[in-house]
Protein chains: 2
Amino acid sequence: MKKGGEMKLSTTIRYGTRLMLDMAENQQNGPIRIRTIAKRQGISEKYLEKIVRLLRKAGLVDGLRGPGGGYVLASSPDSITLGEILEAVQGKIELCPCLGEPEKCEKHQYCKTRMVWNDINHAVSTRLHSTTLADLRDSVCPAETRME
Amino acid sequence: MKKGGEMKLSTTIRYGTRLMLDMAENQQNGPIRIRTIAKRQGISEKYLEKIVRLLRKAGLVDGLRGPGGGYVLASSPDSITLGEILEAVQGKIELCPCLGEPEKCEKHQYCKTRMVWNDINHAVSTRLHSTTLADLRDSVCPAETRME
DNA sequence: CTTTAAACATACTTATAAAGTATGAATTCG
DNA sequence: CGAATTCATACTTTATAAGTATGTTTAAAG
């Protein structure tokens with residue numbers, strides 16, 4: 001009698017965020033290679049490449065090719081939000097199908113449940129869009145959970 | 001160049017909530033058969049059965065066997081929260097793996113991102129645990145989106 | 001006291017999407 | 001030119017959500 005869905009954050013989001021934070025913390029010495037971040041973060045290089053390309057396409061980072069190349073943040077860490085990162089790698093946050101396409105919402109009852117999901121969706125979205133990379137970078141990790 | 005994870009609510013949660021709401025709205029005439037709800041909601045009967053059994057195991061509904069049997073809410077709609085329903089069908093809400101098992105959080109940086117996920121996790125959880133079935137039942141669906 | 005209608009239980013199948021890999025082309029620096 | 005990097009696409013693998021099948025147990029009703 002196993003239980004159902006998990007509602008987890010995907011690795012694209014978690015890795016993408018760590019990647020951006022890594023860049024915010026280390027970009028003072030020019031472009032950073034994906035290989036470097038991959039090693040530092042313990043993430044597959046190829047997979048990170050795939051993720052960073054989404055961030056690039058969204059205009060959050062710039063890529064510089066050739067020797068000495070790498071990636072740099074396209075703007076200041078205090079103007080990049082977690083919401084932007086999330087949307088870059090996974091699209092608009094949409095907790096259930098009917099939120100994007102209300103025509104699927106044919107029954108009165110769906111509509112009531114839909115309102116709750118919509119609220120929560122909105123709360124999460126707001127929270128993410130009001131947290132910047134700089135906020136994250138400057139935050140302090142509580143001692144109990146830190147193990148560096 | 002497809003994007004990553006979707007962070008959607010699973011059908012178990014959505015169906016489970018609709019099932020509970022259906023019961024809250026229709027339980028005045030005694031036990032309700034799963035077949036009835038399945039038809040009313042347009043959901044597979046067998047699948048709903050599977051879901052309701054989780055709700056039963058969690059003590060949110062009671063099952064009555066035999067002819068004339070069915071399910072009833074185990075307590076009043078104003079004392080059953082969406083949080084309880086969600087946890088019954090999918091376990092504690094846990095947006096990312098490290099939240100349950102902090103020993104996986106070995107790097108300083110994870111810890112910073114972890115704090116955000118934890119915050120959001122908490123916000124969602126609180127919201128769900130403070131919304132009751134009765135709240136849902138008595139809510140009014142905005143006209144624009146209602147199509148009964 | 002048998003029939004029947006429901007819940008209950010488990011195991012299986014299928015479909016979908018997440019996660020990761022492989023291969024190679026394009027660009028740019030030295 | 002040669003090497004190091006990004007860039008692009010297509011593929012493979014793995015996990016899990018979603019749904020189905022088959023059958024057992026319980027209890028009301030005839």
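In what follows, every chain begins at residue 1, and chains take the letters A, B, ... in the order their sequences are listed. The analysis underlying the following values was restricted to heavy atoms, covering all of them including side chains, and did not include hydrogens, waters or symmetry mates.
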Student: I need the NZ-P distance between B:Lys8 and C:dT16, as an integer number of Å.
Tutor: 15 Å

Student: Are B:Ser10 and D:dA17 close enough that a side-chain N or O sits under 4.0 Å from OP1 or OP2?
Tutor: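 Answer is no, no contact under 4.0 Å.
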
Student: Taking for each residue the nucleotide of DNA chain C with the nearest heavy atom, is it B:Lys50 or B:Arg33 whose nucleotide lies nearer the 5' end?
Tutor: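 In this pair, the answer is B:Arg33.
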
Student: Atom OH of A:Tyr15 to atom P of C:dA19: distance rounded to whole Å?
Tutor: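 Computing the A:Tyr15:OH to C:dA19:P distance gives 8 Å.
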
Student: Please confirm whether the backbone N or O of B:Ala88 pairs with a side-chain atom of B:Lys57, one donor and one acceptor, at under 3.5 Å?
Tutor: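 Flag not set: sc B:Lys57 to bb B:Ala88 has no pair under 3.5 Å.
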
Student: Quick one: is A:Ser44 getting a side-chain N or O under 4.0 Å of the C:dT21 phosphate, OP1 or OP2?
Tutor: yes

Student: B:Asn121 side chain to B:Leu95 main-chain N or O, any donor-acceptor pair under 3.5 Å?
Tutor: yes

Student: Rounded to whole Å, how long is the line connecting atom CD1 of A:Ile13 with atom P of C:dA18?
Tutor: 10 Å

Student: Does a side-chain N or O of B:Tyr47 approach OP1 or OP2 of C:dT13 to a distance below 4.0 Å, or not?
Tutor: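 B:Tyr47 to C:dT13 OP1/OP2: no side-chain N or O under 4.0 Å.
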
Student: Using atom CG of B:Asp62 as one end and atom C1' of C:dA6 as the other, report the distance to the nearest whole Å.
Tutor: 15 Å

Student: Rounded to the nearest Å, what distance is computed from the CD1 atom of residue A:Ile34 to the C1' atom of nucleotide D:dA4?
Tutor: 14 Å

Student: What about B:Arg53: does its side chain form a donor-acceptor pair under 3.5 Å with the base of C:dA7?
Tutor: no

Student: Examine distances only and state if a side-chain atom of A:Asn118 and a backbone atom of A:Arg114 form a donor-acceptor pair shorter than 3.5 Å.
Tutor: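 Such a contact is absent between A:Asn118 side chain and A:Arg114 backbone.
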
Student: B:Leu133 and side chain to side chain contact (heavy atoms under 4.5 Å, CB included): which partner among B:Ile85, B:Asp138, B:Thr81?
Tutor: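 Only one option passes, and that is B:Ile85.
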
Student: Round to a whole Å and report the spacing from CZ of B:Arg35 to C1' of C:dC8.
Tutor: 15 Å

Student: Side-chain heavy atoms nearer than 4.5 Å, only ILVMFWY residues, links allowed to pass through others: does that put B:Met23 and B:Leu64 together?
Tutor: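 No, B:Met23 and B:Leu64 fall in different hydrophobic clusters.
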
Student: I'd like to know if the side chain of B:Gln27 reaches the main chain of B:Leu73, judged simply by a donor and an acceptor atom lying under 3.5 Å from each other, with no hydrogens or angles considered.
Tutor: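 Yes; judged by distance alone, with no hydrogens or angles, the pair exists.
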
Student: Would you mind reading off the distance between B:Leu54 atom CG and C:dA9 atom P, rounded to a whole angstrom?
Tutor: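 Those two atoms, CG and P, are 11 Å apart.
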
Student: Tell me whether A:Arg40 is salt-bridged to A:Glu25, with the criterion being a basic N under 4.0 Å from an acidic carboxylate O.
Tutor: no

Student: Can you build the contact string for nucleotides 23-30 of chain C? Use B for base contact, S for sugar-phosphate-only contact, and - for no protein heavy atom under 4.0 Å.
Tutor: BB-BBBB-

Student: What is the distance, to the nearest angstrom, from the CD1 atom on A:Ile51 to the P atom on C:dA19?
Tutor: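 Checked: the CD1 to P distance equals 9 Å.
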
